[in-house]
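Below is one structure, written out as C-alpha cells; the observations come after it.
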Amino acid sequence: MSRRISVSTTHEAAAGILDLGIFGPSGFRGWSGGARTGFTLSVSDATPGYVPGPVEPGGWSVILGPTVGSADAMAWQVDVTLHHGDPLPGTPYDLLPASVAGRGPGWYRGDLHLHSVHSDGRRTVDEIIAAARQEGCTSSPLPTTTPAPPV
C-alpha cells in the first residue's frame, strides 16, 4: 500500500513554464501551476495547493500545462515516486472549526487569485472587478499579473 506520492518535474526554464497538478481516483487533489516543480501528498499532509488524504489505489493523472515561449519547443521530465509502507497517521481535521465564529464573513486560508487577458484569461482586470461587483463582491481583487509589454 502506498502511503505517500511525490511528483517532481524538470524543464528548460528559459524555454517556458510548466504548470503542475494532479487528479487521484476520487478526483482533483491539487494544482500549483508554475509556482512549484514538485509536490507530495499523504493522508497526514500535503504541499500547499494540494489536498491531504489517502493515497488511494487506482488511476492517478499528473496534469501538465506547458506554456512554451521558445520556437525550438521545450523538453520536460516528470518523476513520480510512490512511498510504500504502513499508512501514516491521519491529520485530526475534526479539531478544526466547522465554521467561523460570529456572523458574516471570516478569514480562510487559501490561494485566491485571478487571471486576466495579460496571462491566460479572457477578461481585463476592470472587467473581472465589474463582474465580481455585479455578483455582490464588496472588495476589489488585485491583479496578480503584469501586463505584457507591447510587441
Nearest non-hydrogen partners of A15 and A73, listed with the distance = CB-O, 3.7 Å
task = Would you list the pairs meeting side chain to side chain donor-acceptor pair (under 3.5 Å) in which at least one residue belongs to residues 64-77, sequence neighbours left out?
result = Q77-D79
Cluster check I22, L82: I/L/V/M/F/W/Y, side chain < 4.5 angstrom = yes
message = Please check: side-chain N/O of T47 versus main-chain N/O of T40, any donor-acceptor pairing under 3.5 Å?
response = yes
query = Where is the tightest heavy-atom contact between P57 and P25, given as atom of each residue plus distance?
reply = O-CG, 3.4 Å
key: Heavy-atom pair of closest approach, residues V43 and P52   = O-CB, 4.2 Å
query = Looking at residues at least two apart in the chain, or sitting in another chain, which of them share a side chain to side chain donor-acceptor pair (under 3.5 Å) with S6?
reply = H83
request  = Any ring-ring contact (aromatic ring centres under 6.0 Å, His included) involving residues 47-72? Give me the pairs, sequence neighbours left out, ordered by first then second residue.
outcome  = F39-Y50
ask   = Below 4.5 Å, heavy atoms only, C-beta onward: do T81 and R4 meet side chain to side chain?
value = no
query = For V51, what are the other residues in its hydrophobic cluster, where any two members join if their side-chain heavy atoms are less than 4.5 angstrom apart?
reply = none
task = Please examine the side chains of V62 and L20, heavy atoms only from C-beta on, and report whether any two atoms are closer than 4.5 Å.
result = yes
query = In the hydrophobic cluster built from side-chain contacts under 4.5 Å, what are the other members alongside I17?
reply = none
query = Residues two or more places apart in sequence or in another chain: which of them pass side chain to side chain donor-acceptor pair (under 3.5 Å) with T37?
reply = none
message = On a heavy-atom basis, which atom in H84 and which in R3 lie closest, and how many Å separate them?
response = O-NE, 3.9 Å
message = When you measure from the side chain of S32 to the backbone of A35, do you find a donor-acceptor pair of N or O atoms at a distance under 3.5 Å?
response = no
key: Backbone N/O of L64 and side chain of D19: donor-acceptor pair under 3.5 Å   = no
key: Heavy-atom donor-acceptor pair, R36 side chain to P48 backbone, under 3.5 Å   = yes
key: Partner residues of E12 under the side chain to side chain donor-acceptor pair (under 3.5 Å) criterion, sequence neighbours left out   = none
ask   = Which pairs, with at least one residue in residues 6-30 and sequence neighbours excluded, count as a ring-ring contact (aromatic ring centres under 6.0 Å, His included)?
value = F23-F28
